[in-house]
Amino acid sequence: MSQQPQYHPIENLWLISQVIKGSVTQVKDLTKMLKEAEHQPYVLDDTIINRATKQYQEGLEFVPIYREQLSRWQGLKLTDSQAPLVAELQKEVEIMEVLYTDGLAMSKKMAEFTIDKVMGMSDIELALKSLSMKGF
C-alpha cells in the first residue's frame with residue numbers, strides 16, 4: 001500500500017464495523033469456493049486462481065490498518081455500546097488474518113495444478129505431478 005491510511009473518528013465505528021464484517025464474509029466465501037476445488041484444482045483456470053491470490057494478498061494488507069484503527073479507538077473513553085463492538089471487531093480482524101493467510105497459501109498451492117498448467121504439461125511432467133499430488 002503506497003498511501004498513508006486514513007484513520008477515522010469513533011463516530012465512524014458502525015461504518016468500519018460493516019467494512020470489517022463484510023471483508024470477513026467475503027474471504028469466507030472465497031475460501032469456501034477454493035476449498036470445494038482443493039483436491040481438483042485442475043477445474044480452475046489461472047485467471048480464477050490469480051484473482052483469488054490477489055484478493056488474499058490485498059486483504060492481508062488491510063489487517064494492520066484495521067488493527068491500528070481499533071487500537072486507536074480502544075484508547076478512547078468508549079460508551080457501553082461502543083466498547084463491546086470494538087472488542088468484537090478486534091476478534092474479527094484476528095479471524096480475518098487467519099483466513100487471508102490460509103487462503104493465500106491454498107491459492108498458491110493450487111496454482112501449480114490449474115487447467116492451464118495441466119494442459120501445458122508434457123506427459124512425463126503430468127505423470128510426475130500426479131504422483132506428487134494426492135488425489136490428482
Side-chain angles (χ1 to χ4, degrees):
M1 209 165 266
S2 58
Q3 295 181 349
Q4 284 289 353
Q6 179 181 356
Y7 295 105
H8 298 273
I10 192 66
E11 291 77 26
N12 290 350
L13 174 59
W14 185 84
L15 174 66
I16 300 302
S17 167
Q18 296 307 304
V19 170
I20 290 172
K21 289 178 181 186
S23 294
V24 170
T25 298
Q26 268 187 327
V27 71
K28 283 180 178 178
D29 291 345
L30 177 59
T31 301
K32 180 181 179 219
M33 185 269 303
L34 283 187
K35 278 199 174 290
E36 289 173 0
E38 187 173 22
H39 298 292
Q40 304 173 4
Y42 46 82
V43 301
L44 303 175
D45 64 18
D46 285 348
T47 303
I48 292 170
I49 290 295
N50 291 341
R51 191 175 314 132
T53 300
K54 183 178 178 187
Q55 281 185 265
Y56 286 126
Q57 289 170 331
E58 289 175 352
L60 271 173
E61 291 178 13
F62 281 95
V63 169
I65 296 169
Y66 293 143
R67 275 198 185 114
E68 177 62 24
Q69 178 67 74
L70 296 170
S71 175
R72 288 174 182 227
W73 285 342
Q74 195 70 38
L76 301 175
K77 183 174 178 167
L78 300 174
T79 66
D80 290 343
S81 62
Q82 292 169 335
L85 182 53
V86 169
E88 175 190 343
L89 292 175
Q90 287 172 321
K91 291 177 186 173
E92 290 286 315
V93 170
E94 296 305 314
I95 291 167
M96 178 192 303
E97 182 176 34
V98 169
L99 290 168
Y100 280 130
T101 302
D102 292 351
L104 182 58
M106 181 174 49
S107 70
K108 286 182 175 183
K109 180 180 173 186
M110 292 174 73
E112 277 187 74
F113 300 99
T114 64
I115 188 65
D116 299 320
K117 298 289 188 319
V118 170
M119 295 303 290
M121 291 179 193
S122 69
D123 291 344
I124 293 172
E125 287 175 311
L126 187 56
L128 291 172
K129 286 280 189 184
S130 68
L131 289 173
S132 71
M133 181 182 169
K134 295 176 184 170
F136 182 74

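Predicted model, so just to flag it, every value in this text is computed and none were measured.
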Trainee: Walk me through it: do Leu104 and Thr53 pass the test side-chain contact (heavy atoms from CB on, under 4.5 Å)?
Mentor: CA-CA 6 Å; Leu104 182 58; Thr53 300; 3.6 Å; yes
Trainee: Can you tell if the side chain of Leu44 reaches within under 4.5 Å of the side chain of Leu34, non-hydrogen atoms only?
Mentor: yes
Trainee: Side chain of Thr25, backbone of Lys21: donor and acceptor closer than 3.5 Å?
Mentor: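 Pair found, side chain donor or acceptor close to backbone of Lys21.
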Trainee: Is the CD1 atom of Ile124 crowded by more than 12 outside heavy atoms at less than 6.0 Å?
Mentor: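 For Ile124, atom CD1 is not crowded (no more than 12 foreign heavy atoms under 6.0 Å).
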Trainee: Going only through I, L, V, M, F, W and Y residues with side-chain contacts under 4.5 Å, is there a path from Ile115 to Met121?
Mentor: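 No, it is not one cluster - the side chains of Ile115 and Met121 are not joined through contacts under 4.5 Å.
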Trainee: In the single-linkage hydrophobic clustering (I, L, V, M, F, W, Y; side-chain heavy atoms under 4.5 Å), do Met33 and Val24 co-cluster?
Mentor: yes
Trainee: Within this structure, what is the CG-CD distance for the pair Asn50 and Gln57, rounded to the nearest 0.5 Å?
Mentor: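 If we round to the nearest 0.5 Å, Asn50:CG and Gln57:CD are 9.5 Å apart.
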Trainee: Report yes if the side chains of Leu13 and Leu78 come closer than 4.5 Å at any heavy-atom pair, otherwise no.
Mentor: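 A side-chain contact under 4.5 Å is absent here.
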Trainee: Do Tyr42 and Met119 make a side-chain contact, defined as non-hydrogen atoms from C-beta onward lying under 4.5 Å apart?
Mentor: no
Trainee: Kindly compute the distance separating CD1 (Ile49) from OG1 (Thr114), expressed to the nearest 0.5 Å.
Mentor: 7.0 Å
Trainee: Taking the side chain as every heavy atom from C-beta outward, state whether Leu85 and Glu88 have any pair of such atoms under 4.5 Å apart.
Mentor: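 Heavy-atom side-chain distance check passes, below 4.5 Å.
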Trainee: On a heavy-atom basis, which atom in Ser122 and which in Glu125 lie closest, and how many Å separate them?
Mentor: N-OE1, 2.8 Å
Trainee: Using the test salt bridge (Lys or Arg N to Asp or Glu O under 4.0 Å), find all partners of Asp46 that sit at least two apart in sequence or belong to another chain.
Mentor: Lys117
Trainee: Between atom CD1 of Ile10 and atom NZ of Lys77, what is the distance when rounded to the nearest 0.5 Å?
Mentor: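 With rounding to 0.5 Å, CD1 (Ile10) is 14.0 Å from NZ (Lys77).
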Trainee: How many angstroms lie between atom CD of Gln69 and atom CG of Leu89, to the nearest 0.5 angstrom?
Mentor: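 Those atoms lie 10.0 Å apart.
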Trainee: Minimum heavy-atom separation for Tyr100 to Gln55, with atom names?
Mentor: CE2-O, 3.9 Å
Trainee: Quick one: does Arg51's side chain get under 4.5 Å of Thr47's, heavy atoms only?
Mentor: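 Arg51 vs Thr47: side chains touch.
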Trainee: Do Phe62 and Val19 have side-chain heavy atoms sitting under 4.5 Å apart?
Mentor: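 Not touching, per the 4.5 Å side-chain cut-off.
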Trainee: With distance as the sole test, does Gln74 use its side chain to make a donor-acceptor pair with the main-chain N or O of Val86 at under 3.5 Å?
Mentor: no
Trainee: Is there a side-chain contact between Pro5 and Glu68, using heavy atoms and a 4.5 Å cut-off?
Mentor: no
Trainee: Can you sort out the partners of Lys54 under salt bridge (Lys or Arg N to Asp or Glu O under 4.0 Å), two or more places apart, ordered by chain and number?
Mentor: Glu58
Trainee: Start with the C-alpha gap between Ile16 and His8, add the side-chain angles, then the distance that decides, and say whether side-chain contact (heavy atoms from CB on, under 4.5 Å) holds.
Mentor: CA-CA 8 Å; Ile16 300 302; His8 298 273; 3.7 Å; yes
Trainee: Considering residues at least two apart in sequence or located in another chain, which fulfil the salt bridge (Lys or Arg N to Asp or Glu O under 4.0 Å) criterion with Glu97?
Mentor: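 Partners of Glu97 by the salt bridge (Lys or Arg N to Asp or Glu O under 4.0 Å) criterion, ordered by chain and then number, come out as Arg67.
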Trainee: Would you give the length of the straight line joining atom NZ of Lys108 to atom CE of Met110, rounded to the nearest 0.5 angstrom?
Mentor: 15.0 Å
Trainee: What I'd like to find out is whether the side chain of Val27 reaches to under 4.5 Å of the side chain of Tyr56, using heavy atoms alone.
Mentor: yes
Trainee: Quick check: are there more than 12 heavy atoms from other residues, nucleotides or ligands sitting under 6.0 Å from CG of Asp123?
Mentor: no
Trainee: Are Tyr66 and Val98 connected in the hydrophobic side-chain network, where two residues link if heavy atoms are under 4.5 Å apart?
Mentor: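 Cluster IDs for Tyr66 and Val98 differ.
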Trainee: Can you tell me how far the CD1 atom of Ile65 sits from the CD atom of Gln4, to the nearest 0.5 Å?
Mentor: 9.0 Å
